[in-house]
Amino acid sequence: MGVLENKFKDNVIVASMDKLLGWARSTSPWYFQFGLACCAIEMMASAASRHDLERIGMMPRSSPRQADVMIVAGTVTMKMALRVKKLYEQMAEPKYVISMGSCATSGGPYWQHGYHVLKGVDLVVPVDVYVPGCPPRPEALIEGLLKLQEKIQTERPLTRKSV
Amino acid sequence: MKIAEIKATIINQFPDSVLESEDLAESQLELKADQWFEIATFMKEDPNLSFDQLECITGIDLGVEASLQSRYNFHSMEHRHKVEILITHDRNEPKVASIETIWRIGDWFERETYDMFGIVYEGHRDLRRILCPDDWEGWPLRKDYEGQELYHGIVIPKMKEEDGWE
Amino acid sequence: MYRDFGTIFIFIFMGIVLVYVPLLIQKLIAPNNPNPDKLATYECGEESEGSAWVQFNIRFYVVALIFLIFDVEVVFLFPWAVVFNELGLLAFIEMAIFLLILIVGLAYVWRRGDLDWVKYDVKYGRGRYANLTSQNNNSQDS
Amino acid sequence: MGVVKGDQMVLNIGPQHPSTHGVLRLEVMTDGEIVSQIRPHLGYLHRCFEKHSENVTYEQVIPFTDRCDYLASMNSNFGYVVAMEELMEIKIPERVEYIRVIMGELNRIASHLLALGVYGLDIGAFTPFLYMLRDRERILDIFEYTCGARLLYNYMWVGGVSHDLPKDFETICIDFLDYFEPQIKEYNNLLSYNKIFVERTADVGVIPADVAVSYGVTGPNLRASGVKWDVRKDEPYSIYEKFDFDVPTGTAEFGTLGDCYDRYWVRMLEIEESVKILRQALKEVPSGDVHQALPKKIRPPIGSVYRRTESPRGDLGYYIVSDGTPVPSRVKMRSPAFTALSCLDEVSRGWMISDVIAILGSLDIVLGEIDR
């Protein structure tokens, strides 16, 4: 844990520090290019010229070390599930996960006979925002990302977690 | 070259390895598995057959207790004619010669059919699973395949017909 | 004259401050919980097999040496070039001799073939890579 | 001067990598730069398509064929539907045939646009990717206008199509084609004659014709090696005989026959051919009802069929075995990208790692279709 993290009782100074930190972290969450299947093409389309993700500060990074948000875009299979867990661990804190598409959320159209399909990526990594759709439209993905930015702003990194 | 002539040239070249069965389509030819490698090399080298493209190898499970079958589709770029070869294996230890050294794509097609059905292709240089992970149990596409419960600690929920998630 | 030292001192001081203060803030605030997976080398999601500390091909070392020589040569050129117009013809001739010696070195290295970096042995080399198709490659069974 | 061999190390160009076009793991044996052997590992996106198609009815298999080749879902549907109609001997009204050819060719352009754009990304050129995806969005608008979906359409059913064409579809398409043709020249200026791009791709990753055929490579990759083989011309299905278009093969424009540049160049020429087909098809779309030939209950006779169609990646074959029940007994999809990837090991022996990325990008593989 960081030196000052979660150490302080809730008071006005720490609250404003939290708001500043939350604002700083939420303005440009770089997303981790984790394109698995059809949702990856929609993620590419939303990063390209018409629905530009750079407007909301989202820049594609291809290494977990430089990324804050992991967008799991596509079907996570059993063989891939172990890699997803390992890659999530290798991301730098504070990290967030968006499960894009119904395949990543719950196995999607492959839920019934997909012996090799992981029924939902939340069995492996903690997920922050679920984006429904198969594949979700770029507008849906952008709405999910904005929802995530709101969630980052309300986080309280410095105040002690009331256990 | 018409399909009948193709079958004729193969039959009179390897008379004893051809099986006659009536419910086959016109372009199909059923063979026994023993001389398969020689027939395959003959089909590739023979000038007026010259099947140089192996289109597809399909593994088929004919029924819960019935035998397995692997069907080869061949096509010749030169003469633009096609043929389909069927080879039946029994269910417990399906074996057939590998044609991977003749057509290079056979390598992956055979690995996939092995992965899905468990049909062993002898003489294959590197017969491993290609789609499922290496430590996957069972042959997924067989009719009597029961999915495994647990894989590296991740539960694979079983969908019961009547009461939804288990 | 002493004023110049003042500006240099401020320059250095600001350099140090602008580097270490953010690092300090980061040390205080940033969450930091290492675990074995996180500290493992990132290799596209796979465990890395074997180590990268293998005995590298010699050509990497040779080219690094050649670069070093000519880099040092350029370092000598800079001060000479700055005051070039005050110097007379003699300095020009000296530098020409210095350069000539190094040109001989370059010719030797070029002749020996250490500069053509590309050390392919391509299986289906055609066109400009045709001569790089090494014969021993076809003997390997694919 | 003897070649001093350094030790070999194993490098994983792994499942999560920006240039593997999906989840593909290449286990590369290299001495730091020169690649001596590649072992591709597949199966990271194996979604049990064939197991699903043994448990759902014939109509329900169509959405799964969409999701196999998600870049060219119209052509995947087209292949499955043509195979089914051959098995059941259904006669298709003329209007449906025209709609299918139009949709298939539009989808081919969209798939090639994304393939070439991402290939530019692999080589390091970012702007063509943005230009090409901007125009691809216009095609997706046309698809959305007709069947409501952007990427996976479930549009072509056995015996017909799901939605009839909207009323001013032809004018919209022709407007798009008029807008699109000058754009192709723009791409050529951006990428095709770019010195760096040519230097990185000409003469690199040559696939000789016989190796290509032996590896079962088909489609633009095979035509780039000089073999003139196009299922639309050689085993015509639907109404492709009506249109005259020529099949572009490798022209060794900047290097030798069958190198990475040729594969790129053949795809660029194919976009122009598709535009030619679309112009001819859009002129004479007959009227009629698209739902008229839809069978109420799909119960094909017992038997099997193997039918190939031309998807943007090559020969997309469907082997369908039916046992008379409304549920297929076996559906095998012969995926063109699967065979294109199989020759990567032999072709990229001895090249540098950055060349291997160029070769992999030029093969234009889609992992959903490889792993099924």
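Lettering of chains follows the sequences in order, A, B, ..., and the numbering in each one begins at 1. Values in this document were obtained by computation on a predicted structure and should not be read as measured data.
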For this session: Side chain from CB out, backbone as N, CA, C, O: work out which of these in A:Leu82 comes under 4.5 Å of a heavy atom of chain C, or both, or neither.
Result: neither
Problem set entry | Among the listed options A:Glu89, A:Met17, A:Met80, A:Met91, the residue most often paired with chain C at heavy-atom distances under 4.5 Å | A:Glu89
Exercise. Is it the side chain or the backbone of C:Glu46 that comes within 4.5 Å of chain A heavy atoms, both, or neither?
Worked result: both
Exercise. Heavy-atom count around C:Phe76 CZ within 6.0 Å, excluding the residue itself: above 12?
Worked result: no
Exercise. CG of C:Leu23: more than 12 outside heavy atoms within 6.0 angstrom?
Worked result: yes
Exercise. Looking only at heavy atoms, which two atoms of C:Tyr42 and A:Gln90 are closest? And how far apart?
Worked result: CD1-OE1, 3.2 Å
Exercise. Quick check: are there more than 12 heavy atoms from other residues, nucleotides or ligands sitting under 6.0 Å from CZ of C:Phe98?
Worked result: yes
Problem set entry | Within 6.0 angstrom of C:Trp80 CH2, more than 12 heavy atoms from elsewhere | yes
For this session: Kindly give the heavy-atom pair with the smallest separation between C:Pro31 and A:Arg25, and that separation in Å.
Result: CD-NH2, 3.6 Å
For this session: Return the minimal non-hydrogen interatomic distance between C:Ala40 and A:Arg65, and the atom names on each side.
Result: O-NH2, 2.7 Å
Seminar exercise, completed: If you tally heavy-atom pairs under 4.5 Å between each of C:Gln26, C:Lys38, C:Lys27 and chain A, the highest tally belongs to C:Lys38
